[in-house]
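These notes concern the structure reproduced below.
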Amino acid sequence: MNVILAKTAGFCFGVNRAVTLTYDLLQQGHKVATLGPLIHNNQVVGDLEAKGALTCADVDDVPDGYEVVIRSHGVPSDVYEKISTRRLVYHDATCPFVAKIHRIAELAGKKGALLLVAGDAEHPEVKGIVGHTSGKVHVFADLPELQKLLPEILQQESITVVAQTTFRVESWEKCKAFLKKECTKAEIFDTICNATWARQQEAEDLSQKCDRMVVIGGHHSSNTQKLLQVAARHTRAVNVENADELEREWLAGAKTVGVTAGASTPSSIIEEVLNSMSEEIRDDMSFEEMLAASEAKPLYAGKIVKAKVISVSPTECVVGIDGSKHTGIVKLSEMSHDPNAKMEDLVKVDDDLDLVVIKTNDQEGVDTLSRVRFEAQKGMKDVSEAAENGTVMEGDVMEANKGGVVVNVKGVRVFVPRSQATLRRDEDYTKLVGQHVQLVITECAGRKIVGSINKVSAEANKAKREEFWANVEVGKKYTGVVKSLTSYGAFVDVGGVDGLCHISELSWSNIKHPSEVVKVGDEIEVYVKSYDPENQKVSLGYKKEEDNPWVKLENEVPVGTEFDAPVVSITKFGAFVRIMPGIDGLVHISEISNERVNKVSDVLKVGDTVRVKLTAVDFDRKRISLSMKACLDEENGEDAE
């Protein structure tokens, strides 16, 4: 089966601009909300939402603090007014071709012209165009609808005509010819974008040469559906959003298949479909058979080849493909998943490699190849067997998103939902990125491969818990990890068991929240204060007796000592002064001055530093008496001498 890919397939300029802008904002940490789905592609929209972007139907739905992205379709003028009223930051990704139509529509309204728009009245681009004119407007979908408007058109003094950027070219040409003949005063603007013209023309030509046409793109994408209509006039055509929708039976018997894609289709999905078309031929073959079948046959995307390294540079290596006159390029990203890897450390000249063809270029004879995808195909066999047998596998966590983490297991991307990534719901699963983990494969169906890390962790923790309860005793010390914080304390993992270290046990000082002393992830030394095996509860202590400020006070500050200290609070009966962290003493109102003090706040305020004398300590009741007057008396006595 010969597969021909249209040269213009994939993202157009406007869509690429909007998608790149949004991804950049998310990567920079901005909170982003798009007005409607950014593009008509569920996979891209889903990925953006997984990275934190919100899809909002209206400006009123955008939460405070979010920045608005106006998609390439554009919006009516009143939307800008709503954004301004709410004082939201916005980024305008309206396609320049669409923005040009907005200006034409606005000018038509100012001069009182009737605006005629060729397009789908329910399409967001058309709604945006209509929302930029202040005059009368009609939208028509085809020539028959335009013909019905002729009586009203002929009564107008001024007429402006535009087309939706993705309008079907053939239909637009018929509408223009009709208007030029019937209404010479109509001012017609050719506003179908260049990419649409090129795509539709190429689909027209390609479909006449092929037994089948595959049109890749959203089922609700206007430009994709136009391509499907064009192709279907000449051959059997089907629209798929992704590789999973491509049916094997539909390709049966086809010698030549043409492939094109709408302007909202990313290159990654186009590649997946092309690879899937190649895989359909090889689904029933073993890995060894696929390798053998690759010899001395034409190159195609997805084919396994042997190659010899010709040259090595920091970013890529050049290889000669066995049994072919073609040269291949392997980029560093396709040689290893390790972001820190260096090409010169991975391969050297004359090395023999097993690779997978990603993209062919028959005209230039230079193909793009991948070793990581070859390893993934080999790894799939092991992953499939592990899914059936429940075997524990190992891998490296590559990335995290809103739904969970992706683990590289023998070159295979395994998705682990966040609920299966950590043992605790409140634990930060994103910290797994970069870690080497063990996991089991819970689902392996086609490209959907799902795993669980916490099932393995739970088994390991079970053994730890049994060991803990067999050996625990009051006073025993453990090195634990802080797993979560609450208003009343910190939960610390001391070996498969989470013990509670109450807030009063974290510090000798009075603290308002555990975060003043520890944070999640800290490794701390604790000791067992009490435990309840029946209810599986453990109480832990963290503060050490040698740090007890009352012990320090008894050993270091005898009664009669004078010192300077800050006032920390004022009451009706006196002022409390901070002796050391965790200990405050009272200067009674009668001990403030030799003069009568009616109101403490008349003499002292919080933050004042005062000279005091330690006059008495009740260690049992934790009460301390201080005197400012005693210091004054001693000073006066010295002066008298």
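What you are looking at is a predicted structure, and each value in this text was computed from that prediction instead of being measured.
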Open item on the list: As a test of understanding, state which of Val273, Val259, Thr260, Ile216 forms a side-chain contact (heavy atoms from CB on, under 4.5 Å) with Leu5.
Closed with: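 With Leu5 as partner, Val273, Val259, Thr260, Ile216 yield a single side-chain contact (heavy atoms from CB on, under 4.5 Å), made by Val259.
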Would you say [X] has more than 12 foreign heavy atoms packed within less than 6.0 Å of its [atom1]?
X	atom1	answer
Gln28	CD	yes
Lys100	NZ	no
His220	NE2	no
Phe140	CZ	yes
Lys185	NZ	yes

Worksheet item: Any luck finding a side-chain donor-acceptor pair between Glu152 and His138 under 3.5 Å?
Response: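 Yes - a donor-acceptor pair under 3.5 Å links their side chains.
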Under 3.5 Å, is there a donor on one side chain and an acceptor on the other for Glu125 and Thr166?
no
CG (Leu143) and CG (Leu179) are apart, to the nearest 0.5 Å, by 8.5 Å
| What distance do Ile153 atom CD1 and Lys148 atom NZ have between them, rounded to the nearest 0.5 Å? |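 Rounded to the nearest 0.5 Å, the CD1-NZ separation comes out at 13.0 Å.
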Using distance only, find each side-chain donor-acceptor pair of residues 101-119 under 3.5 Å and give its atom names and separation, not counting sequence neighbours.
{"residue": "His102", "atom": "ND1", "partner": "His132", "partner atom": "NE2", "Å": "3.3"}
{"residue": "Lys111", "atom": "NZ", "partner": "Glu187", "partner atom": "OE1", "Å": "3.1"}

For Lys255, does its backbone N or O pair with a side-chain atom of Asp211 as donor and acceptor, under 3.5 Å?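 Checked: pair present.
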